[in-house]
Amino acid sequence: MKNINKAITFAKKETVLIVAMLLAVISAFFVTPDKAYASYIDFRTLGLLFSLMTVTEGCKGLGIFERSAKFIISKVNTAFQLSIVLVGLCFFSSMFITNDVSLLTFVPLTLTALSTLGESGNKLLIPIVVLQTIAANLGSMLTPIGNPQNLYLFGVSDMKLEDFLVLMLPFTIVAGAMLFLWTLAVCKKSGKLSVKTDITAENFDTYSTKDKTKLSGYVLLFVLCLLTVARLIPWQITTLCALAFSAIAYRNVLKTVDYSLLLTFCGFFIFIGNMGRVEIFRNVLSSIINGHELFIAVAASQIISNVPCAILLSGFTNKLNALIIGTNIGGLGTLIASWQALYPTSRYAAATPISKADISHISQPQISLFSL
């Protein structure tokens with residue numbers, strides 16, 4: 001019975017991974033495994049994802065993001081300022097540390113900060129957390145490193161970095177403005193409130209020499225990642241540097257890397273590669289997608305989430321600009337539209353249970369948000 005419960009828990013947490021592997025296995029019945037399978041895998045994307053995850057996990061382990069957030073929060077004086085900061089942290093940080101890391105880092109800080117405001121903070125809790133989830137998805141769409149599907153599509157499209165930024169900048173500006181207005185509306189509904197949270201800034205000088213060395217190393221690794229994204233440095237060098245530095249300086253980081261994400265990509269790469277070799281499937285899907293890339297990307301993301309959608313559709317169309325826009329916009333909608341937003345939320349909820357006393361003021365439908 002215990003093993004069954006473990007299997008059920010694993011299946012719930014890694015549903016997308018299981019689906020990807022099942023599709024890969026099923027597709028192998030249509031295309032017998034051969035040497036061509038190796039060509040399906042986009043090792044550059046996997047190497048870059050691994051490198052970026054080691055950097056973000058390493059910096060998170062050193063408390064860089066949390067300390068920076070505490071410093072900013074300690075400077076606010078009103079509920080509106082606090083709300084803007086909390087939503088803005090997710091919006092802007094997700095451009096560089098990915099949307100899932102952004103949520104895992106700043107949602108706990110939000111719970112702590114708003115809990116110091118009494119009843120008014122309780123009223124703001126659910127709206128602000130929801131806005132943070134939306135902000136993390138919308139902010140991450142600006143850069144190739146903001147989320148996995150951007151990194152993948154940017155790599156296979158051979159776009160220049162500046163072209164990608166120009167493509168997504170108008171959507172990001174509009175999204176930022178709408179988030180600002182919604183946050184303003186939420187705070188006005190809660191009434192005016194002068195706020196002084198119990199969160200105090202932590203001095204970075206308290207870091208030991210060893211931690212400062214680690215931080216310097218991760219900063220250099222992040223620069224290497226950016227240069228690799230811009231195609232100025234081979235991905236193999238960056239991946240080896242990330243692996244070597246983490247193994248020597250901060251081995252625990254290698255335990256926290258999201259290997260299930262990397263395996264999920266592999267599963268979908270194999271499925272798409274095999275289906276691309278089945279002429280009937282390739283021709284039918286190509287005819288459906290052609291000319292409707294943007295709409296189909298948005299719609300398909302609502303059903304299979306935006307990361308698998310990006311991998312699937314990219315194998316059957318060359319209009320990748322439309323896929324980039326569609327999968328980013330498609331991340332908003334159904335509960336599974338953005339796999340990255342739901343995945344960290346479930347991990348956080350599992351790792352940090354919220355007591356009944358903490359949520360006694362929240363209605364039952366709202367409580368369900370914490371169990372996603």
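This structure is a prediction, so every number in the text was calculated from the model and none was measured. Position 1 is the first residue of the sequence, and the numbers go up from there.
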Given the rule in the side chain to side chain contact (heavy atoms under 4.5 Å, CB included) test, do Val25 and Ile270 qualify, once you have shown the distances and angles that lead to the verdict?
-> CA-CA 9 Å; Val25 171; Ile270 293 173; over 6 Å; no
With sequence neighbours left out, which residue pairs that include part of residues 314-332 fulfil the side chain to side chain donor-acceptor pair (under 3.5 Å) condition?
-> Asn147-Asn328, Asn150-Asn328, Tyr152-Ser314, Glu293-Thr317
Non-hydrogen side-chain atoms of Leu82 and Leu114 separated by less than 4.5 Å = yes
Is it possible for you to say whether Leu165 and Val223 belong to one hydrophobic cluster, with membership spreading through side-chain heavy-atom contacts below 4.5 Å?
-> yes
Given side chains that start at C-beta, do those of Leu221 and Cys241 come closer than 4.5 Å, heavy atoms only?
-> yes
Without swapping roles, check the side chain of Asn283 against the backbone of Glu279 for a donor-acceptor pair under 3.5 Å.
-> yes
What do you reckon, is CG of Leu232 surrounded by more than 12 foreign heavy atoms closer than 6.0 Å?
-> yes
For atom CZ of Phe96, decide whether the heavy atoms of other residues, nucleotides or ligands shown that lie under 6.0 angstrom number more than 12.
-> no
Side chains of Ile272 and Phe316: does their closest heavy-atom pair fall under 4.5 Å?
-> yes
Check the surroundings of atom CD in Glu162: do more than 12 heavy atoms from other residues, nucleotides or ligands lie under 6.0 Å from it?
-> yes
What's the spacing between Leu49 CG and Leu151 CG if we round to 0.5 Å?
-> 5.0 Å
Provide the closest heavy-atom pair for Lys214 versus Leu62 in the form atom of the first, atom of the second, distance.
-> CB-CD1, 3.9 Å
For this output row, return yes or no: ring centroids of Phe265 and Phe269 closer than 6.0 angstrom.
-> yes
Could you walk me through whether Ile288 and Val284 pass the side chain to side chain contact (heavy atoms under 4.5 Å, CB included) check?
-> CA-CA 6 Å; Ile288 294 173; Val284 170; 4.0 Å; yes
Phe50 to Ala242 - nearest heavy-atom pair and separation | CE2-CB, 4.4 Å
Measure the spacing between NZ of Lys123 and SG of Cys187 and express it to the nearest 0.5 Å.
-> 13.0 Å
Can you check whether Phe154 reaches Thr143 side chain to side chain, under 4.5 Å on heavy atoms?
-> no
Identify the two heavy atoms, one from Leu294 and one from Ala322, that lie closest to each other, and give their separation to 0.1 Å.
-> CD1-O, 3.7 Å
Main-chain N/O of Val129 paired to Thr133 side chain as donor or acceptor, under 3.5 Å | yes
Side chain to side chain donor-acceptor pair (under 3.5 Å) partners of residues 222-237, not counting sequence neighbours, each pair once | Thr228-Thr238
How long is the gap from OG on Ser157 to CG on Leu167, to the nearest 0.5 Å?
-> 9.5 Å
May I ask you to check whether Phe65 and Phe106 place their ring centres under 6.0 Å from each other?
-> no
Side-chain contact, heavy-atom cut-off 4.5 Å: Leu261 with Val16?
-> no
For Pro148 and Val307, the nearest pair of non-hydrogen atoms, with its separation, is CB-CG2, 4.2 Å
Can you sort out the partners of Arg282 under salt bridge (Lys or Arg N to Asp or Glu O under 4.0 Å), two or more places apart, ordered by chain and number?
-> none
Please answer: with hydrophobic residues joined when any side-chain heavy atoms are less than 4.5 Å apart, are Val166 and Met95 in the same cluster?
-> no
Transitively linked via ILVMFWY side-chain contacts under 4.5 Å: Leu254 with Leu240?
-> no
Is there a donor-acceptor contact under 3.5 Å from the side chain of Ser246 to the main chain of Leu243?
-> no
Return the minimal non-hydrogen interatomic distance between Gly330 and Ser301, and the atom names on each side.
-> O-CB, 3.5 Å
Within residues 15-28 or reaching into it, pairs that qualify as side chain to side chain donor-acceptor pair (under 3.5 Å) - sequence neighbours excluded = Ser27-Asn274
Cluster check Leu220, Val55: I/L/V/M/F/W/Y, side chain < 4.5 angstrom | no
Would you sort out whether Phe91 and Ile84 count as a side chain to side chain contact (heavy atoms under 4.5 Å, CB included), showing the intermediate values?
-> CA-CA 10 Å; Phe91 183 74; Ile84 284 293; over 6 Å; no
With the 4.5 Å side-chain cut-off for hydrophobic clustering, are Val19 and Tyr259 part of the same group?
-> yes
Are any non-hydrogen side-chain atoms of Leu89 and Gln132 less than 4.5 angstrom apart?
-> no
Side-chain touch Ser83/Leu124, heavy atoms, less than 4.5 angstrom | yes
Given side chain to side chain contact (heavy atoms under 4.5 Å, CB included), test Leu46 with Cys266 step by step and report yes or no.
-> CA-CA 9 Å; Leu46 297 180; Cys266 290; 3.6 Å; yes
Leu262 CG to Ile41 CD1 distance, which is reported to the nearest 0.5 Å = 11.0 Å
Just grab all the ring pair (Phe, Tyr, Trp, His ring centres under 6.0 Å) pairs involving residues 17-42, residues at least two apart or on different chains.
-> Tyr37-Tyr40
Kindly say whether Ser94 contributes a backbone atom to a donor-acceptor pair with the side chain of Thr98 at under 3.5 angstrom?
-> no
Donor-acceptor contact below 3.5 Å, side chain Gln149 vs main chain Ile311 | no
Value for CG (Leu263) from CD1 (Ile18), rounded to nearest 0.5 Å, stands at 12.0 Å
Please examine the side chains of Val253 and Tyr218, heavy atoms only from C-beta on, and report whether any two atoms are closer than 4.5 Å.
-> yes
Spatial distance of atom CG (Leu103) from atom OG (Ser93) [nearest 0.5 Å] | 8.0 Å
Nearest heavy-atom approach of Gly331 to Asn306 is CA-ND2, 3.6 Å
Using a 3.5 Å cut-off and no angle test, enumerate the donor-acceptor pairs between side-chain atoms of residues 170-186 and protein atoms at least two apart in sequence or in another chain.
from, atom 1, to, atom 2, distance (Å)
Thr172, OG1, Met168, O, 2.8
Thr183, OG1, Leu179, O, 2.7

